[in-house]
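In what follows, a single structure is set out as structure tokens and then discussed.
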Amino acid sequence: MTDKTPKYITTTLPYVNADPHIGFGLEMVQADTLARYWRLMGREVFFNTGTDEHGQKIAQKADEAGRDRQEYADYYAGEFNRLKEALNLSYDNFIRTTDQSHKVAAQHIWNLCNEAGDIYKKKYKGLYCVGCESFKVDSDLVEGKCPDHQKAPEEVEEENYFFKLSNYQSYLEEYLSTEGVIVPEWRRLEALKFVQGGLEDLSISREVSRMDWGIPVPNDEEQVMYVWFDALTNYISTLGWPNDANGNFEKFWQAGETLQLAGKDQVRFQSIIWQAMLKSAGVKATDKIYYHGFINSGGTKMSKSLGNVISPYELVDRYGTDATRYILLRHVHPFDDSDLTWEKMDEYYTANLVNGLGNLTARIMKMAETHLDTPAPKPPHGFEEEYEKSLESYNFQSACDFVWERITELDEEIAEKEPFKMVKEDKSAAQEVIASLATRLYKIGCMLYPIMPGVNVIIKEAVLANQKPDNLFSRLPE
């Protein structure tokens with residue numbers, strides 16, 4: 001019997017301090033591919049994404065721009081929400097951490113952690129990185145600088161609330177010792193090793209006098225929550241927690257299978273801090289967290305200062321929505337860092353889409369339109385095991401490779417049997433070959449639904465109508 005357990009899937013929430021970049025575009029497309037695949041397999045899915053809108057970075061950016069903080073957040077939230085159309089995303093909710101319902105949930109999880117005895121207040125002096133929105137210790141720094149932001153953290157002394165992460169040492173060791181809670185496996189071992197090294201309590205608030213753009217700490221008007229303590233709560237507030245008026249929290253988090261997607265730099269927040277917060281609040285742990293690598297360009301990490309940042313909107317403008325999804329899913333490694341340049345992407349687009357899938361579709365459907373009296377029969381429903389296993393294990397690259405192997409097989413069969421010539425000598429045999437080609441092309445269209453949902457529709461409709469469609473992919477300008 002097919003498993004019908006509801007699936008919950010969520011991306012991380014990007015900060016609204018800059019335009020969307022290709023790394024977040026990757027995460028969105030990966031999540032959407034899984035959501036579409038599981039829906040296709042008969043699962044009920046809740047797909048969440050949104051924006052992280054509090055914290056010092058955003059306050060500073062808004063102030064520098066001379067704009068109201070909420071207005072600033074509204075603008076960039078809109079820029080991220082535009083990805084839904086640009087990348088043809090099927091998410092069910094776009095949560096914003098400035099939403100009133102989310103603020104209520106964040107204060108509720110604070111109160112639950114406090115009631116569990118896991119929050120206390122103390123004076124603290126430490127090195128604070130604005131870019132990371134977190135305190136650093138010397139071992140976190142490289143030559144005195146944050147390795148992610150290449151700036152020396154500032155020394156901050158203030159009285160904050162702290163979360164007793166150290167209380168959850170043994171719990172997290174047990175949680176992270178379970179195979180499958182993190183994909184890929186080596187990230188799980190990395191997280192487990194970090195926890196086994198010992199955990200320190202975490203500062204989870206800022207003084208309003210220093211940073212006022214955040215959710216107020218319950219019963220203390222002089223403190224606001226740390227941005228990440230607030231933001232992590234989105235994964236359950238998006239489901240209506242704690243009130244759960246529509247039953248989504250019970251259905252998708254409590255009774256369903258939960259999956260979070262995140263970049264490799266998020267392991268500490270997603271698989272350690274967030275899991276401890278959930279345990280403290282009496283909420284079930286996340287079932288699985290999948291971590292992807294980074295996208296570099298020309299062997300260099302993308303940065304605005306180097307001018308090598310690639311926007312998902314730029315990709316869509318050049319290649320189109322489905323081709324952009326294809327490039328991100330097939331030519332970015334699912335687990336390791338990958339390198340993309342415009343030259344490489346032009347090559348992938350032309351070789352595999354224009355001359356590959358596009359040309360194959362045109363050839364088969366031209367023969368079908370010309371020589372078949374009726375549309376080719378639809379193939380039996382269902383997918384090959386290799387294809388399903390690839391997507392179930394988050395190996396998007398392998399799933400795409402499987403589809404393109406089928407494309408290559410059809411190309412080779414056309415070259416070998418030459419049905420366009422055969423039709424002159426044995427029309428019946430040629431029609432049988434052409435019908436078989438069209439049926440298998442329909443099957444390729446079905447497999448493309450999670451990957452390239454627009455192309456999926458065009459191919460299937462063409463086969464059912466027995467008509468050659470317009471070219472799937474335009475040639476790039478010289």
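Heavy atoms only: backbone and side chains are in, while hydrogens, waters and symmetry mates are out. Heads up: numbering here begins at 1 and tracks the sequence.
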Exercise for review: Say whether His292 and Gln30, considering side chains only, have a donor N or O and an acceptor N or O under 3.5 Å apart.
Suggested key: no
Review point. Checking Ser338 side chain against Ile295 main chain: does a donor-acceptor pair fall under 3.5 Å?
Key: no
Practice item. Ignoring hydrogens and angles, tell me if any N or O in the side chain of Asn456 forms a donor-acceptor pair with the backbone of Pro453 under 3.5 Å. Key: yes
Point to revise | Glu44 and Lys251: CA distance, side-chain angles, deciding distance, salt bridge (charged side-chain N to carboxylate O under 4.0 Å, His left out) verdict | key: CA-CA 10 Å; Glu44 193 172 359; Lys251 177 191 288 186; 2.8 Å; yes
Review point. Any Lys/Arg nitrogen of Asp336 or Lys264 sitting under 4.0 Å from an Asp/Glu carboxylate oxygen of the other?
Key: no
Review point. Is the side chain of Glu369 donor-acceptor paired with the backbone N or O of Lys468 at a distance under 3.5 Å, no angle test?
Key: yes
Review point. Taking NZ, NE, NH1 and NH2 as the nitrogens, is one of them in Glu257 or Lys288 under 4.0 Å from a carboxylate oxygen of the other?
Key: no
Point to revise | Residues Asn248, Tyr8; criterion side-chain hydrogen bond (donor to acceptor under 3.5 Å, both in side chains); working and verdict | key: CA-CA 10 Å; Asn248 283 332; Tyr8 170 83; over 6 Å; no
Exercise for review: Output yes when a side-chain donor or acceptor of Asn93 lies under 3.5 Å from a complementary backbone atom of Asn48, and no otherwise.
Suggested key: no
Practice item. Mind telling me whether His333 and Phe335 have parallel, tilted or perpendicular rings, with 30° and 60° as the class edges? Key: perpendicular
**Study point:** Stacked cation flag Arg36 on Tyr449, 6.0 angstrom / 45 deg
**Key:** yes
Exercise for review: Indicate yes or no: at least one non-hydrogen side-chain atom of Phe80 is less than 4.5 angstrom from one of Phe24.
Suggested key: yes
Revision key, fill the gap. Heavy-atom nearest pair, Asn88 first then Gly454, reads ND2-N, 4.3 Å
Revision key, fill the gap. When every non-hydrogen atom of Val227 is compared with those of Gly55, the smallest separation belongs to CB-CA, 3.9 Å
Revision key, fill the gap. Note: Val195 and Ile272 closest approach over all heavy atoms is CG2-CD1, 3.7 Å
Point to revise | Cation over ring face, Arg82 and Tyr313, 6.0 Å, 45° | key: yes
Review point. Nearest heavy-atom pair of Pro419 and Ala430: which atoms, and what distance?
Key: O-CB, 3.9 Å
Review point. Residues two or more places apart in sequence or in another chain: which of them pass side-chain contact (heavy atoms from CB on, under 4.5 Å) with Ala429?
Key: Met422, Asp426
Practice item. Report yes if some heavy atom in the side chain of Thr10 is under 4.5 Å from a heavy atom in the side chain of Leu259; otherwise report no. Key: no
Practice item. Could you check if a side-chain atom of Thr49 sits within less than 4.5 angstrom of a side-chain atom of Thr12, using non-hydrogen atoms only? Key: no
Run the side-chain donor-acceptor check on residues 379-388: report pairs under 3.5 Å with partners two or more places apart or on a different chain.
residue	atom	partner	partner atom	Å
Glu385	OE2	Lys389	NZ	3.2
Tyr387	OH	Met447	O	2.6

Check your understanding: Hey, is Arg39 close enough to Asp92 for a salt bridge, meaning N to O under 4.0 Å?
Key -> yes
Review point. Mind checking whether Tyr76 and Tyr15 have ring centres under 6.0 Å apart?
Key: no
Check your understanding: Got more than 12 heavy atoms from elsewhere within 6.0 Å of NZ, Lys103?
Key -> yes
**Study point:** Check: Asp230 side chain, Met225 main-chain N or O, donor-acceptor pair, under 3.5 Å
**Key:** no
**Study point:** Chi angles and distances behind the side-chain contact (heavy atoms from CB on, under 4.5 Å) call for Val354, Asn359
**Key:** CA-CA 6 Å; Val354 177; Asn359 185 50; over 6 Å; no
Point to revise | Any donor-acceptor pair under 3.5 Å from Asp52 side chain to Ala231 backbone | key: no
Practice item. May I ask you to decide if Glu347's main-chain N or O and Thr350's side chain share a donor-acceptor pair within less than 3.5 Å? Key: no
Check your understanding: Any ion pair linking Asp287 and Lys284 (charged N to carboxylate O, less than 4.0 Å)?
Key -> yes
Review point. Does Lys7 make a cation-pi contact with Phe252, if we ask for NZ or CZ under 6.0 Å from the ring centre and within 45° of the axis?
Key: no
Review point. Does some side-chain heavy atom of Thr286 sit less than 4.5 Å from a side-chain heavy atom of Trp274?
Key: yes
Would you list the atom pairs, donor with acceptor, under 3.5 Å between side chains in residues 434-442 and any protein atom, with sequence neighbours excluded?
residue	atom	partner	partner atom	Å
Ser436	OG	Arg440	NE	3.3
Ser436	OG	Arg440	NH2	3.0
Thr439	OG1	Pro377	O	2.7
Thr439	OG1	Ala435	O	3.0
Arg440	NE	Ser436	O	3.3
Arg440	NH1	Glu413	OE1	3.0
Arg440	NH2	Glu413	OE1	2.8
Arg440	NH2	Glu413	OE2	2.9

Review point. Does the side chain of Ile215 reach to within under 4.5 Å of the side chain of His54, using non-hydrogen atoms?
Key: yes
Review point. Looking at side-chain heavy atoms only, is the closest gap between Trp342 and Ile310 below 4.5 Å?
Key: yes
Practice item. Evaluate whether atom CD of Glu85 has more than 12 neighbouring non-hydrogen atoms of other residues, nucleotides or ligands under 6.0 angstrom away. Key: no
Check your understanding: Within the distance-only criterion (no hydrogens, no angle test), does the side chain of Gln431 pair as donor or acceptor with the backbone N or O of His371 below 3.5 angstrom?
Key -> yes
Review point. Hey, does Pro6 have a side-chain heavy atom less than 4.5 Å from the side chain of Val45?
Key: no
Review point. Is the closest basic N to carboxylate O distance between Arg96 and Asp74 below 4.0 Å?
Key: yes
Check your understanding: Within a strict 4.5 Å, meaning less than it, do heavy atoms of the Leu472 and Asp322 side chains meet?
Key -> no
Check your understanding: Hey, are Tyr235 and Gln270 close enough side-chain-wise for a donor-acceptor pair under 3.5 Å?
Key -> yes
Point to revise | For the student: nearest non-hydrogen atoms of Pro184 and Tyr291, plus distance | key: CD-O, 3.5 Å
Exercise for review: Assess Arg475 against Phe473: is NZ or CZ under 6.0 Å from the centre of the six-membered ring, and within 45 degrees of the ring's axis?
Suggested key: no
Point to revise | Derivation of the side-chain hydrogen bond (donor to acceptor under 3.5 Å, both in side chains) call for Asn395 and Ser390 | key: CA-CA 5 Å; Asn395 195 333; Ser390 294; 5.8 Å; no
Check your understanding: Any side-chain donor paired with an acceptor under 3.5 Å for Glu53 and Thr97?
Key -> no
Check your understanding: Can you tell me if Asp3 and Thr5 form a side-chain donor-acceptor pair at under 3.5 Å?
Key -> yes
Exercise for review: Determine whether the aromatic ring centres of Trp404 and Tyr326 lie less than 6.0 Å apart.
Suggested key: yes
Practice item. Go through the steps to decide whether Val455 and Leu448 satisfy the test side-chain contact (heavy atoms from CB on, under 4.5 Å), and finish with yes or no. Key: CA-CA 7 Å; Val455 167; Leu448 285 174; 4.0 Å; yes
Point to revise | Test: Arg406 and Glu409 ion pair at under 4.0 Å | key: yes
Revision key, fill the gap. Looking only at heavy atoms, the pair that brings Leu391 and Leu34 closest together is O-CD2, 3.4 Å
Review point. Going by the angle between their ring planes, with limits at 30° and 60°, are Tyr91 and Phe47 parallel, tilted or perpendicular?
Key: perpendicular
Exercise for review: May I ask you to decide if Lys344's main-chain N or O and Thr341's side chain share a donor-acceptor pair within less than 3.5 Å?
Suggested key: yes
Point to revise | Ring-face cation contact, Phe194 with Arg268, 6.0 Å cut, 45° max | key: no
Practice item. Take atom CD of Glu71 as the centre, draw a 6.0 Å sphere, and report whether it contains more than 12 heavy atoms from other residues, nucleotides or ligands. Key: yes
Review point. Do the side chain of Thr300 and the main chain of Asn296 share a donor and acceptor less than 3.5 angstrom apart?
Key: no
Check your understanding: Is it true that Arg188 and Glu185 make a salt bridge, defined as a side-chain N closer than 4.0 Å to a carboxylate O?
Key -> yes
